[in-house]
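Structure first, then comments.
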Amino acid sequence: MNTERRDYFVDVILPLALPQTYTYRLPQSMNGAVFQGQRVVVQFGKSKMYSAIVKLVHETAPKYTAKYIEAILDAEPVVVEKQLEFWDWLSRYYMCTQGEVMITALPAGLRLTSESKIGMSVSFDGNKDHLNEEELNLVEAIEVRGVLTMEEVSTVLDRKTVYPVIRKLIAADVISVHEEIKERYRPKYESVIALNDKYMSEDEMRAVFDKLEKRAFKQLETLMAFIHLSGKAQEMRRADLLADRNADASALASLVKKGILDSYDREVSRIKSDAVATKEAVLSTHQTSALEKIKEGFADKSTVLLHGVTSSGKTEVYTHLIREQLENGKQVLFLLPEIALTTQLIGRLQEHFGAAVLIYHSRFNEQERVEVYNEVLKKKPCVVIGARSSLFLPYSNLGLIIIDEEHDPSFKQQDPAPRYNARESALWLAKIHKANTLLGSATPSVESYYNAKHGLYGYATMTERFGGAVLPKIFVADVKEATKRKMMKSVFTPYLLERIDQVLADGEQVILFQNRRGFAPCIECQTCGHVPHCVRCDVSLTYHKAANQLRCHICGFTSAPPTACDACGTTDLKLKGFGTEKIEEELGLLLPAARIARMDLDTTRGKFSLQNIIADFESGKTNVLVGTQMVTKGLDFGNVGLVGILSADQILNFPDFRSYERAFQLMAQVSGRAGRREKQGEVIIQSFNPQHFIIQCVVNNDYETMYHNELADRMQFSYPPLFRLIRITVKGKDALLVDNGSFHLASQLRTHMGSRILGPEYPVVARMRDEYIKNILIKTEREASVVKIKDTIQTVLNDFKVHPDFKKLRLVIDVDPN
Ligand code: ADP
Ligand code: ZN
């Protein structure tokens, strides 16, 4: 069959929230060169260019006049078939578009951006008399440089708003706008020096030596340094050569000029580590039997839950499973919450697997991410350690997915769509690859434990800490009592403060946990009760002392702290509540000898700041670590004698159906940081309500009771895991419109699903970033057909979107909300 003259069409996924794929025509010159998974450049809309992913090549013309594909970007597909299958599932399950999945799934470096550039208009007559000085400046700059980006225009004009000037010049036909497509990924190069082929033989080389010895001694020295350092490879980095004290830059230049040495650029990896595998760990008997249990589980179930107390050595068990997979030529994905991805853990895994370890998370830049992506695309066995987005790498033969700290809420993406849960999605990815999934946690999610109990997942436990270390003693300090007796020292009960002092005196370290950053979560006027709020969100502003600022933790709005009340003008203002910053400061005043570090969002913004804080604590440079939930995740320190939880009440009182489960998990996890080696550690929980049921579960290390209690509640109020939830959020700038719209939408949904629809209701924070918010909750039985329900919802939503009254409202759909 002669394909050259046939007409082909290509369905592509565009990186936009379009409801379906879009069809383009293939120029005949490209016949036979386009395959599924390649990136192609297409025009969409008036003039915008995009890189799109080829989904299907076929011969059916669409109903509209298809535009031509502009260019093919890749010789080989960058998205593999299994990924497209996964994207498909994600978009259907989470009720979003494939374009939205594509945006999340592809590293930004693989998406092209269309960039507007300004050039001279072809029909410009050359008459500049009518231009003012500013316009003349710009036109001359364009004439000299050809084209300018908007940013460059802004620099030339020395002002931010350049559009009025540009618009006028376009109207006058002096300049015009070009759309230029730009590849964002740029390979990295380094200069290398190599011996020219002609001098490979010893005779030639000796002749060169003789000549140089007489006339150019510096060059001889440089050449000798090269031969010595480059070894057999006879090629080395220019920078390494010049770092040698016998080598000289100008002598090197002469050697290159004479053609004895060659100098050129070589593409290098940004991500390759030179780690070598060294360690072969021996498992304890507990670990061995857990490993066997896991394998038994995998014999007839694709998912197994490993329920092992903190420091039971789960990581070692994982490494055994990973090794098996790599030896069978398989790929492994090891998923972790973002901030648990520390050098500590990565170092441990590199000791086992050397350069087969690939790392993927948000601290990597665009370029590094593309390199990891391309590495996985090579189909070689590897173990990817990453945060939730590493689900989207181009795996070809996954054998195992491990999800450590599987209970962690950060596996759920909140915004933007797809609002996916990496734990649930991983199960699908595993299914596509016929791989197994291992969920690991000391405090499993109620969902996963339920599935294990009901035989959907296999189950393995480790109830003891590795090496005979014992679980910590847990005490509760009564804040109410201490307050009544006026014994509180700032935010510390006398008992906690005394123990911190003692533990530090014994040369051990302390971790203090408070799930709130900043200094104080609100400022209250003692005269009229007024509290400063964010101008865009319905929350009080948090006081940050070091920055001397009030900040909104939702939108980032900042303002100067008031000296007098905005409402009544009196000056009797009081800071209420406390965050990590305050704990750090007050402890410093009470125990001046303590070396305190703080770990929260505010102190870990830099690329290496988290690493440095951990390294300093590990080496003993600091001995108290104050932090938010960041300190609860997967850290392994050997010398922590005491963990303090400053305010259990603040964690327990969060208004959400999962709050007790979360509170248990947080407190148990942070407690788990204490006494991980020989000596028993100690935990002190401060609370106004020491007898609280959940606190007692933590004290008694009693997961089971927490679980049964939760399950009974969830049953009574129809919550997961017994029911499924879908939340629809209606947002808009006009409160009344949000009210009316959400009411209309809920009643439409009710006509199909009756009492399964709850709301609309305002959430706790009813306005964010200047938008009012109302939620509608859909609760369905676990057994109900999810596909049918989602179809019904989609139909109702589609009608709503085109309803003339509600065009200004935005809808957010969250399947299995957190
Ligand atoms: P978990 O992930 O369950 O909290 P870890 O895997 O961090 O526990 O193990 C706790 C500590 O015990 C670590 O310091 C780890 O190096 C050590 N450990 C665990 N298993 C072994 C083993 N088989 N051999 C040597 N050390 C081990
Ligand atoms: Zn705000």
Side-chain angles (χ1 to χ4, degrees), residues 278-291 294 305-323 334 336-337 340-342 344-352 385 402-408 438-444 460-472 518 521-522 531-542 544 549-559 614 618 631-640 665 668-679 681 764-773:
T278 52
K279 215 169 110 182
E280 181 69 55
V282 184
L283 294 187
S284 70
T285 45
H286 292 293
Q287 288 170 324
T288 310
S289 62
L291 186 63
I294 292 167
L305 172 64
L306 172 60
H307 186 177
V309 295
T310 51
S311 205
S312 54
K314 294 185 285 296
T315 317
E316 294 304 327
V317 175
Y318 300 151
T319 58
H320 274 247
L321 290 161
I322 295 169
R323 187 183 305 281
F334 187 157
L336 277 155
L341 275 161
T342 56
Q344 259 191 339
L345 176 97
I346 291 163
R348 270 172 78 183
L349 287 159
Q350 281 174 335
E351 276 178 29
H352 284 286
I385 311 176
I402 295 166
I403 307 178
D404 195 25
E405 316 285 357
E406 65 87 28
H407 62 276
D408 199 281
L438 180 63
L439 307 173
S441 176
T443 53
T461 51
M462 292 200 286
T463 53
E464 277 171 45
R465 289 189 147 186
F466 178 79
V470 275
L471 285 165
C522 81
V531 170
H533 274 65
C534 177
V535 293
R536 297 195 283 258
C537 316
D538 279 351
V539 290
S540 64
L541 293 167
T542 299
H544 286 251
Q549 249 180 359
L550 292 180
R551 285 190 198 151
C552 171
H553 285 184
I554 289 178
C555 73
F557 169 83
T558 60
S559 72
I614 292 171
E618 211 162 26
V631 300
T632 66
K633 304 199 184 188
L635 295 171
D636 179 28
F637 299 114
N639 191 33
V640 176
Q665 286 159 345
Q669 290 285 346
V670 69
S671 301
R673 304 306 121 207
R676 289 168 73 87
R677 305 281 190 269
E678 303 79 33
K679 212 174 147 196
V764 182
V765 181
R767 189 176 55 117
M768 286 192 206
R769 296 182 181 86
D770 262 338
E771 281 187 314
Y772 292 88
I773 301 166

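Any value given below was found using the heavy atoms of this structure, including those in side chains, with hydrogens, waters and symmetry copies removed. Both ligands and their constituent atoms are indexed starting at 1 by order of listing.
In this structure, the side chain of S441 engages the main chain of T443 through a donor-acceptor pair within 3.5 Å.
The salt bridge (Lys or Arg N to Asp or Glu O under 4.0 Å) test applied to E464 returns no partner, not counting sequence neighbours. For H544, the ring-ring contact (aromatic ring centres under 6.0 Å, His included) criterion is met by H553, not counting sequence neighbours. Applying the side-chain contact (heavy atoms from CB on, under 4.5 Å) rule to R536 yields the partners C534, C555, F557, D770; only residues at least two apart in sequence or on another chain are considered.
The minimum heavy-atom distance linking K314 with V309 is given by the pair NZ-O, 3.3 Å.
At least one N or O atom of G313 sits closer than 3.5 Å to an N or O atom of ligand 1. At least one N/O-N/O distance between R348 and ligand 1 falls below 3.5 Å.
Distances from atom 10 (C) of ligand 1 to the heavy atoms of S284, S311, G467 put S311 nearest.
Under 2.8 Å from the Zn ion (ligand 2), one finds the following protein N/O/S atoms: C534 SG, C537 SG, C552 SG, C555 SG.
By the criterion of a heavy-atom distance under 4.0 Å, neither the backbone nor the side chain of D404 is placed next to ligand 1. With a 4.0 Å cut-off on non-hydrogen atoms, T315 touches ligand 1 through its backbone as well as its side chain.
Atom CG of D404 and atom CD of E406 lie 9.5 Å apart (nearest 0.5 Å). Taken from CG in L283 to OG1 in T288, the straight-line distance is 5.0 Å, to the nearest 0.5 Å. The distance from the CD atom of E405 to the OG1 atom of T632 is 8.0 Å, given to the nearest 0.5 Å. With rounding to the nearest 0.5 angstrom, the OG1 atom of T319 is 4.0 Å from the NE2 atom of H352. With rounding to the nearest 0.5 Å, the separation of CZ in R465 from OG in S311 is 5.0 Å.
Interface atoms of ligand 1 facing V282, defined by a heavy-atom separation under 4.0 Å, are 22 (C), 23 (N), 24 (N).
Residue S312 places a heavy atom under 4.0 Å from ligand 1. Residue contacts with ligand 1 do not include R465, since none of its heavy atoms lies under 4.0 Å from the ligand.
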